[in-house]
Amino acid sequence: LLGPVRDQGARPTCLAFAASDGHAALRDGTPLSCEYAYFHAQRRGRRAPDEGATLSTMLDTLRLDGQPAESGWPYLDVVPDDGWMPPAMTGPCFGRKGGPAAIDLASIFASLDAERPVMLLSSLSTSFFQPSGEGIVDPANDELPDPSLRHAILAVGHGLANGQSAILVRNSWGAGWGVEGHAWLTEKFLKPRLFATAILTEEIDVPSRSATA
C-alpha cells in the first residue's frame, strides 16, 4: 500500500516520515510530503531544521496545517542555505486528527488489528542497527538501551518472532535496512525501549488560516 520505504538520509526527520506514512496509509497510500510536515512542525515548535521534531508539534501540524502530496514539496536531501520555505503552490493539504496512545503492546496490537498504523518512539541499541537476515531485531540479554539514541518508526503489523510477540515496523533508512526497510522488533527489544506512541484518527479539513502562516 505504501510503496518502497523512504530514506531520510542524514536529516533528523524520522518522526515526519513515520507520521507521513501513517497518514498516507489511512488515505489511499499516495505518499504525502514529509518535507512539508517537518517544516511546519519545526516552525510550530520554534526548532531549527537540524533538530528532531517533537510528537506534540507533529500532531498539531497534521491537524492544523495538513500535508499535500509528496509532489507538492518533495523531500530535500539537505536544507538549502539560501532559505527553507514551502513552494508557493503545493496543492491541496489533507488534515488528520491524532494523539498520544498507550504504550503497552496489547493496545498497539489492537490498533493494528483495526488497520490503524501506530507511530512508535523508541530508544535504540546495537541490535536495531543490525537486523538478522530474516529482518528480526532481538537484543542479547545484556544489551542495554541507549537513551541518547531516539528514533521514530511506524508499526504496520504484529505477530511472533523468535518465539516472542513482535511488531513489524517500517523504518525510514532505505531498503537496505532489514527486509526492504522493514523488520520485526521483539517484545524483548520493545519493552525497555518504547517511550511513546501515537495514532492518527479521522480526516479533517485544514483551517484556511494557519497559525504558522
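This chain uses plain numbering: 1 for the first residue, then up along the sequence.
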Return yes when atom CD of E115 has more than 12 non-hydrogen atoms of other residues, nucleotides or ligands closer than 6.0 Å, and no otherwise. no
In terms of heavy-atom contacts, does CG of D205 have more than 12 from other residues, nucleotides or ligands at under 6.0 Å? no
Determine whether V179 and E134 make a side-chain contact, defined as any pair of heavy atoms from C-beta on separated by less than 4.5 Å. no
Are L64 and L59 grouped together when hydrophobic residues (ILVMFWY) are joined by side-chain heavy atoms under 4.5 angstrom apart? no
With hydrophobic residues grouped by side-chain heavy-atom distances under 4.5 Å, do L121 and L194 end up in a single group? no
Examine distances only and state if a side-chain atom of T61 and a backbone atom of A41 form a donor-acceptor pair shorter than 3.5 Å. yes
Is there a donor-acceptor contact under 3.5 Å from the side chain of Y75 to the main chain of Q8? yes
Heavy-atom side-chain proximity of I167 to L105 below 4.5 angstrom: yes
Residue pair R150 / L124, side-chain heavy-atom distance below 4.5 Å: no
Distance in Å, R170 CZ paired with S172 OG, rounded so as to fall on 0.5 Å steps: 9.5 Å
Between W173 and F128, what is the ring plane arrangement, given parallel below 30°, perpendicular above 60°, and tilted in between? perpendicular
Below 4.5 Å, heavy atoms only, C-beta onward: do S165 and F109 meet side chain to side chain? yes
Exceeds 12 heavy-atom contacts within 6.0 angstrom, atom CG of D77: no
Can you list the residues that meet the ring pair (Phe, Tyr, Trp, His ring centres under 6.0 Å) rule with H182, with sequence neighbours excluded? none
Looking at every non-hydrogen atom in both residues, tell me the closest pair between A183 and V137 and how far apart they are. CB-CG2, 4.2 Å
Which heavy atom of P12 sits nearest to which heavy atom of Y38, and what is that distance? CG-OH, 3.6 Å
Quickly, which of R27, H40, H23, E35 forms a side chain to side chain donor-acceptor pair (under 3.5 Å) with Q67? Name it, please. H23
For a quick check under 3.5 Å, do S20 and Y36 share a side-chain donor-acceptor pair by atom type? no
L32, V206: one ILVMFWY side-chain cluster at the under-4.5 Å cut-off? no
Do R44 and D65 meet the salt-bridge criterion of a basic N to acidic O distance under 4.0 Å? yes
Should the pair R6-E70 be classified as a salt bridge under the 4.0 Å nitrogen-to-oxygen rule? yes
If you round to the nearest 0.5 Å, how far is OG of S122 from CD1 of I153? 5.5 Å
Derivation of the side chain to side chain donor-acceptor pair (under 3.5 Å) call for S125 and R193: CA-CA 9 Å; S125 56; R193 293 168 177 81; 3.0 Å; yes
Please report the closest heavy-atom contact between A24 and L2, naming both atoms and the distance. CB-CD2, 3.9 Å
Beyond-backbone contact of H151 with C14, side-chain heavy atoms, under 4.5 angstrom: yes
If you measure from CG on L200 to OG on S111, what distance do you get to the nearest 0.5 Å? 10.5 Å
Using a 3.5 Å distance criterion without hydrogens, assess whether the side chain of E180 forms a donor-acceptor pair with backbone atoms of A175. no
Minimal heavy-atom distance between P68 and G91, with the atoms involved, is CB-O, 4.2 Å
If only atom types and distance count, is the side chain of W184 paired as donor or acceptor with the main-chain N or O of H158 below 3.5 Å? no
Test your reading of the model: is there a side-chain donor-acceptor pair from T197 to the backbone of A102, 3.5 Å cut-off? yes
Quick check for you: to the nearest 0.5 Å, what is the distance between L120 atom CG and L190 atom CG? 7.0 Å
What one should report as the nearest heavy-atom pair of R116 and L26 is NH1-CD1, 3.6 Å
Could you check whether any side-chain N or O of R63 sits under 3.5 Å from a backbone N or O of I204, counting only pairs where one atom can act as donor and the other as acceptor? no
Using every non-hydrogen atom in the two residues, find where L55 and A198 come nearest and quote the distance to one decimal. CD1-CB, 3.8 Å
Linking I/L/V/M/F/W/Y whenever their side-chain heavy atoms sit closer than 4.5 Å, directly or via other members, would V118 and V169 fall into one cluster? yes
Got a sec, which residues hit ring pair (Phe, Tyr, Trp, His ring centres under 6.0 Å) with F39, two or more places apart in sequence or on another chain? W73, W84
For the atom pair OG1 (T57) and CG (L15), what is the distance rounded to the nearest 0.5 Å? 7.5 Å
Nearest-0.5 Å distance that lies between atom CD in E187 and atom CG in L160: 10.0 Å
Return yes if some donor-acceptor pair links the side-chain N/O of Q130 with the main-chain N/O of S127 below 3.5 Å, else return no. no
Heavy-atom donor-acceptor pair, T201 side chain to K97 backbone, under 3.5 Å: yes
Side-chain contact, heavy-atom cut-off 4.5 Å: P49 with V79? yes
Are the side chain of N162 and the backbone N or O of Q164 linked by a donor-acceptor pair below 3.5 Å? no
